[in-house]
Amino acid sequence: GLDASSALTSANNAVNAPGTNASSTSSLTIGTGSMAFTLAQTGKAFALGQRVSVASSASPLNQMSGIITAFNSGTGSITVQSDTALGSGTFSAWTIALAAAPVGQAVAADIWAGTDAGKAVSSLALANAAVPQTLTDAATIAWDFNSGFNAEVTLGGNRTLGAPANARLRLGGSLRIIQDGTGSRTLAFNACWDFGGSGVPTMSTVAGSDDMIWYEVVKLSPLKIKAGFGAAT
């Protein structure tokens with residue numbers, strides 16, 4: 001009677017609510033690309049362009065996520081363009097729900113610039129950020145910290161190391177200074193470089209030899225960079 005009908009309606013409503021959770025028994029293989037399957041429930045409120053996760057009901061670590069590219073509420077037919085896959089295998093029991101947008105992955109340039117607050121930093125990005133950039137040999141050698149905290153330069157003549165661009169307080173790193181095949185090259189320093197009581201260092205002069213400078217930015221206005229020196233080879 002009425003009570004049975006009400007109970008059935010309540011049960012159906014429970015299955016269909018909320019409108020952006022569903023299940024499916026379609027057989028799918030974990031991967032990326034277009035994934036077409038059928039929801040076990042109709043009348044759902046998914047919409048084109050929404051990001052969803054499609055996770056194995058038995059093993060949730062096996063899952064995909066992507067954007068809905070086709071959806072028919074009446075039949076439960078749905079297509080998801082998977083761009084992220086976790087795990088592997090073929091499964092036929094799935095839980096579908098709205099998913100957050102993926103977090104972008106930082107690269108070395110993001111770390112050097114130090115302005116992006118929304119990307120995840122991997123160990124690979126950190127390692128790549130430590131790789132020294134090669135500075136261009138010139139009468140006054142330019143160094144942009146947004147292209148690398150560590151650097152190396154081969155002197156092709158008597159040079160001056162200029163004031164670095166994009167310095168940030170407490171930023172630190174190193175500079176390798178290499179003599180070319182002729183040797184006996186000198187390197188002067190912009191006034192922002194402070195070597196303390198030891199004064200401006202004298203470079204190694206043997207052809208092909210190199211020296212190291214380690215630094216820390218201690219003041220921005222006027223720019224002041226504390227530096228230490230050591231002969232590397």
Side-chain angles (χ1 to χ4, degrees), residues 1-133 146-150 171 173:
L2 182 58
D3 289 341
S5 177
S6 297
L8 180 60
T9 299
S10 297
N12 287 333
N13 287 340
V15 170
N16 287 306
T20 50
N21 281 352
S23 61
S24 174
T25 56
S26 300
S27 180
L28 293 172
T29 299
I30 296 287
T32 57
S34 183
M35 301 288 172
F37 54 101
T38 302
L39 302 180
Q41 302 84 32
T42 58
K44 289 294 181 178
F46 292 107
L48 299 183
Q50 286 180 328
R51 172 171 286 276
V52 293
S53 65
V54 183
S56 166
S57 299
S59 180
L61 290 180
N62 293 290
Q63 61 176 269
M64 303 170 283
S65 65
I67 301 298
I68 297 174
T69 57
F71 176 59
N72 186 315
S73 176
T75 65
S77 173
I78 190 169
T79 302
V80 174
Q81 184 67 29
S82 169
D83 54 35
T84 304
L86 179 65
S88 62
T90 301
F91 303 91
S92 57
W94 302 95
T95 299
I96 301 91
L98 292 183
V103 175
Q105 293 294 314
V107 296
D110 296 310
I111 296 171
W112 296 328
T115 56
D116 191 294
K119 293 180 180 177
V121 178
S122 66
S123 57
L124 176 61
L126 288 175
N128 287 339
V131 174
Q133 62 166 309
N146 276 3
S147 296
F149 310 142
N150 301 315
L171 179 68

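Heads up: numbering here begins at 1 and tracks the sequence.
- A 4.5 Å side-chain heavy-atom check between Lys44 and Leu39 finds at least one atom pair inside the cut-off.
- For the pair Leu28 and Ala36, the tightest heavy-atom approach, listed with the atom from each and the gap, is CD2-O, 3.7 Å.
- Identified under the ring pair (Phe, Tyr, Trp, His ring centres under 6.0 Å) test for residues 42-77, with sequence neighbours left out: Phe46-Phe71.
- Ser24 and Ser26 share a side-chain donor-acceptor pair at under 3.5 Å.
- Of the possible polar contacts, one joining the Gln41 side chain to the Ser23 backbone as a donor-acceptor pair under 3.5 Å is found.
- Across all non-hydrogen atoms, the minimal contact from Thr42 to Gly76 is CG2-N, 4.2 Å.
- Partners of Asp116 under the salt bridge (Lys or Arg N to Asp or Glu O under 4.0 Å) rule, at least two apart in sequence or in another chain, do not exist in this structure.
- Atom-to-atom distance recorded for Thr79:OG1 and Leu48:CG is 9.5 Å, nearest 0.5 angstrom.
- Residues Thr95 and Pro60 are not in side-chain contact: their nearest non-hydrogen atoms beyond the backbone lie 4.5 Å or more apart.
- Considering all non-hydrogen atoms of both residues, Asn128 and Trp112 come closest at O-CZ2, 4.0 Å.
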query = Step by step, would you call Thr32 with Met64 a side chain to side chain contact (heavy atoms under 4.5 Å, CB included)?
reply = CA-CA 8 Å; Thr32 57; Met64 303 170 283; over 6 Å; no
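- The salt bridge (Lys or Arg N to Asp or Glu O under 4.0 Å) contacts involving residues 64-84 comprise Arg51-Asp83, where partners must be two or more places apart or lie in separate chains.
- Not counting sequence neighbours, the partners of Ala130 by the side chain to side chain contact (heavy atoms under 4.5 Å, CB included) test are Asn150.
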Side chain to side chain contact (heavy atoms under 4.5 Å, CB included) evaluation trace for Ile111 with Val121 = CA-CA 8 Å; Ile111 296 171; Val121 178; 3.9 Å; yes
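- Neither side chain, Ser27 nor Ser92, offers a donor N or O lying under 3.5 Å from an acceptor on the other.
- Rounded to the nearest 0.5 Å, atoms OG (Ser57) and CD1 (Ile96) are 7.5 Å apart.
- Ile78 places a side-chain heavy atom less than 4.5 Å from the side chain of Ile68.
- In this structure a side-chain-to-backbone donor-acceptor pair under 3.5 Å is present from Ser82 to Gly31.
- The stretch residues 85-110 participates, sequence neighbours left out, in these ring pair (Phe, Tyr, Trp, His ring centres under 6.0 Å) pairs: Phe91-Trp94.
- Residues meeting the side chain to side chain contact (heavy atoms under 4.5 Å, CB included) test with Gln63, sequence neighbours left out: Ser53, Ala55, Leu86.
- The two residues Gly87 and Ile30 come nearest to each other via the heavy atoms O-CG2, 3.3 Å.
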